[in-house]
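A short worksheet on the structure shown next.
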Amino acid sequence: MKYIEHLFVGGSVKDLDTILYSLHKDIPVFHLYCICLFYGEKRNHVEIMSAKEICKKRYLQKDFVVIGVAYGKTEAVDLFCFIIQQAAEKGRNLQKAEEWIL
């Protein structure tokens, strides 16, 4: 698991350093959702996943980048919409997630 340099953060996230430390150590954070870009497979795609899911062993070998964190699924969806809106305003190709996120 990697993180983009300028991580998108939901409004209710207060202690980002603790969250990143917990995710790095595979410690699930209650009610935390991550917006992840999966790459290296047949095609790149974005998923909103709970921290509990990300910390499972099956994701240790997957290539993905965390692009945003938020508390609660609703805030994660709102954050994802914000990310897409920012990309659209910058004129990025929305069909290729790696171009508008990285």
* Asked: Nearest heavy-atom pair of Cys36 and Ile54: which atoms, and what distance?
  -> SG-CD1, 3.6 Å

* Structure fact -> Distance col, row Gln85:CD vs Leu94:CG, nearest 0.5 angstrom, shows 11.5 Å

* Asked: Who pairs with Thr18 by side chain to side chain donor-acceptor pair (under 3.5 Å), at least two apart in sequence or on another chain?
  -> Asp15

* Mind checking what makes side chain to side chain contact (heavy atoms under 4.5 Å, CB included) contact with Lys57, not counting sequence neighbours? -> Leu60

N/O donor to acceptor pairs below 3.5 angstrom from side-chain atoms of residues 66-74, sequence neighbours left out:
none

* To do: Please identify each residue that fulfils salt bridge (Lys or Arg N to Asp or Glu O under 4.0 Å) with Glu47, with sequence neighbours left out.
  => none

* Structure fact -> Sequence neighbours excluded, the answer for side chain to side chain donor-acceptor pair (under 3.5 Å) partners of Lys52 is none

* Sequence-distant partners of Gln86, side chain to side chain donor-acceptor pair (under 3.5 Å), two or more places apart -> none

* Taking only residues two or more places apart in sequence, or in another chain, which ones meet Ile27 in a side chain to side chain contact (heavy atoms under 4.5 Å, CB included)? -> Ser22, Lys25

* Listed partners of Lys90 passing side chain to side chain contact (heavy atoms under 4.5 Å, CB included), at least two apart -> Arg92

* Structure fact -> side chain to side chain contact (heavy atoms under 4.5 Å, CB included) filter on Ile48, not counting sequence neighbours, yields Tyr33, Ile35, Ala76, Val77, Phe80

* Asked: With Phe8, which residues qualify under ring pair (Phe, Tyr, Trp, His ring centres under 6.0 Å), at least two apart?
  -> none

* Structure fact -> Nearest heavy-atom contact between Pro28 and Asp26 is CD-O, 3.6 Å

* **From Ile83 atom CD1 to Ile4 atom CD1, the distance as rounded to the nearest 0.5 Å** => 7.0 Å

* Asked: To the nearest 0.5 Å, how far apart are CD in Glu75 and CG in Leu32?
  -> 9.5 Å

* Going by heavy atoms in the side chains, are Met49 and Phe38 under 4.5 Å from each other? -> yes

* **Minimum heavy-atom distance Tyr3-His24, with the two atoms named** => OH-N, 3.6 Å

